[in-house]
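Here is the structure we will look at.
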There are 2 protein chains.
Amino acid sequence: MTQSKTDPRIVRTRKLIMDSFIELSGKKEFKDITVKDITTEAMINRATFYYHFEDIYDLLEKVLSEVLLINLDYEVFEKNELNEESIVSMFIAITNFQTSLSNRCHRGYEDTIARIIREQLEITLYKMLVKQHTTEKDEALKTATVMLSWGIYGASTEWRRNSEKVQPPEDFIKSVVPYILHGIGFGSRD
Amino acid sequence: MTQSKTDPRIVRTRKLIMDSFIELSGKKEFKDITVKDITTEAMINRATFYYHFEDIYDLLEKVLSEVLLINLDYEVFEKNELNEESIVSMFIAITNFQTSLSNRCHRGYEDTIARIIREQLEITLYKMLVKQHTTEKDEALKTATVMLSWGIYGASTEWRRNSEKVQPPEDFIKSVVPYILHGIGFGSRD
DNA sequence: TACAATGTGTTGGATAAACGACAAATCCAC
DNA sequence: GTGGATTTGTCGTTTATCCAACACATTGTA
């Protein structure tokens, strides 16, 4: 909110570049996409690309972050509360995201993608938690958020390793939601 | 062909403005569209509008010219020859254009629109005629083109005045094509 | 009439984007 | 390997676009 509104040319150009990259990602895999391909598709100068992004990996990160954040943010503004329903749909958003990526052949960037997912998850979870816990000590809340985001991401890796073929993501995550919401000290009660 | 290719920013911005104007024309009529409306829709600065167009009437002219020219030019590149078929479809392009405009309520600009139609018709006809009459004296060919474009435009006004309700444009123009192609010295023979 | 609100067209200074050129890195056929 | 072609990342200069501000015209309304 502090930011003095950004130049419309910047918004326009970034969108052109990102959209072009997404478009190209549907046609060929990441390693075959050059900066020239992107700027040609976007009808902008190649030098302009480097004005906005460090390199093509920087672009990849920012595109993935944005795509995922848009899906996750839906929870914050729509459901607004961290409960079983919102956790389930965030988990589904993550697994969908990973599935769509594996179709687009970003092999070799799994670690980067993992980091991106966890970072965006943290951002979104934090937004929701501060709404519900305005009074509490910020540092602890922050740490809880980090732990939760790592945990949920871990659950998604566990699901992909063992359960992807045998269980839909909503069932998988629902079975552990009680531990998330009420802690491991309690058994599931409803 | 002589022009050193135009700056891509200019192409992009002109297209944004023209598309926005066409988009807005579908929602409200010309007299209610302001420059601010257009630039807001196009997401460009208002001053930039005046960098490309004198005023909103200048924009109107250029948009209409381009839309019509695209329809007419199809004949040049596709059919390539000035014969009954191409004359008929150019005539239909004109009457369609006028009908679509009257739906969009550009009342008060009939004279301007008339001039635009005739000018674009002249351009297109000239392109076709030079292909077929490369050897002849250019001045006479030019004059013939002008007469023909005025004539065809006149036919379209005549059709709208008398025949719009009773006869489709293709039938109307077909009946006079012989006079165009073979002159008034001959009667229609086929 | 008067007075506010909105739209028009222009200006000067700041900034982003275009362009061509360049060295360096990477790729690839031989 | 070697050499040619492509890609990358950077730079300085030029040009298009942004922005805020301005005087003026038009519209609407009390």
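Everything quoted here is computed from the prediction, not taken from an experiment.
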Step-by-step side chain to side chain donor-acceptor pair (under 3.5 Å) determination, A/Ser86 to A/Asn83: CA-CA 6 Å; A/Ser86 59; A/Asn83 51 26; 3.2 Å; yes
When you measure from the side-chain N and O atoms of B/Thr13 to the phosphate of D/dT17, is any distance below 4.0 Å, counting only OP1 and OP2? yes
Can B/Thr39 and B/Arg46 be counted as having a side-chain donor-acceptor contact under 3.5 angstrom? no
Quick one: is D/dT17 close enough that its OP1 or OP2 comes under 4.0 Å of any side-chain N or O from B/Tyr51? no
Starting from C1' on D/dT8, measure out to CD1 on A/Ile38 and report it in whole angstrom. 12 Å
B/Thr99-B/Asn96 side chain donor-acceptor pair, cut-off 3.5 Å: no
Please determine if a side-chain N or O atom of A/Asn45 lies less than 4.0 Å away from the OP1 or OP2 oxygen of C/dA17. no
Here the distance between atom P of D/dT17 and atom CZ of A/Arg12, to the nearest Å, is 8 Å
Rounding to a whole Å, what distance do you find between A/Asp55:CG and C/dT26:P? 13 Å
Interatomic distance where CZ belongs to A/Phe49 and C1' belongs to C/dA16 [whole Å]: 16 Å
Rounding to a whole Å, what distance do you find between B/Leu59:CG and C/dG9:P? 12 Å
B/Phe91 and B/Trp159 aromatic ring geometry - parallel, tilted or perpendicular at 30°/60° bounds: perpendicular
Determine the contact category for B/Ile10: base if any of its heavy atoms lies under 4.0 Å from a base atom, sugar-phosphate if only primed atoms, P, OP1 or OP2 are that close, otherwise nothing. sugar-phosphate
Residue mapping more 5' on DNA chain C - nearest nucleotide basis, A/Arg46 or B/Tyr57: B/Tyr57
Would you say D/dG9 has OP1 or OP2 under 4.0 Å from some side-chain N or O of A/Tyr50? yes
Quick one: is the NZ or CZ of A/Lys142 closer than 6.0 Å to the six-membered ring centre of A/Tyr126, and within 45° of its axis? yes
note: B/Glu54, atom CD; C/dG9, atom P; distance rounded to Å ~ 10 Å
Protein-nucleotide distance (A/Asp7, atom CG; C/dG13, atom C1'), rounded to Å: 14 Å
OP1 or OP2 of D/dA16 sitting under 4.0 Å from any side-chain N/O of B/His52? no
Interatomic distance where NZ belongs to B/Lys31 and P belongs to C/dT8 [whole Å]: 13 Å
Classify the side chain of B/Arg9 versus the base of C/dA17 as yes if they form a donor-acceptor pair under 3.5 Å and no if they do not. yes
The residue, A/Val35 or B/Ala47, whose nearest nucleotide of DNA chain D is more 5′ is A/Val35
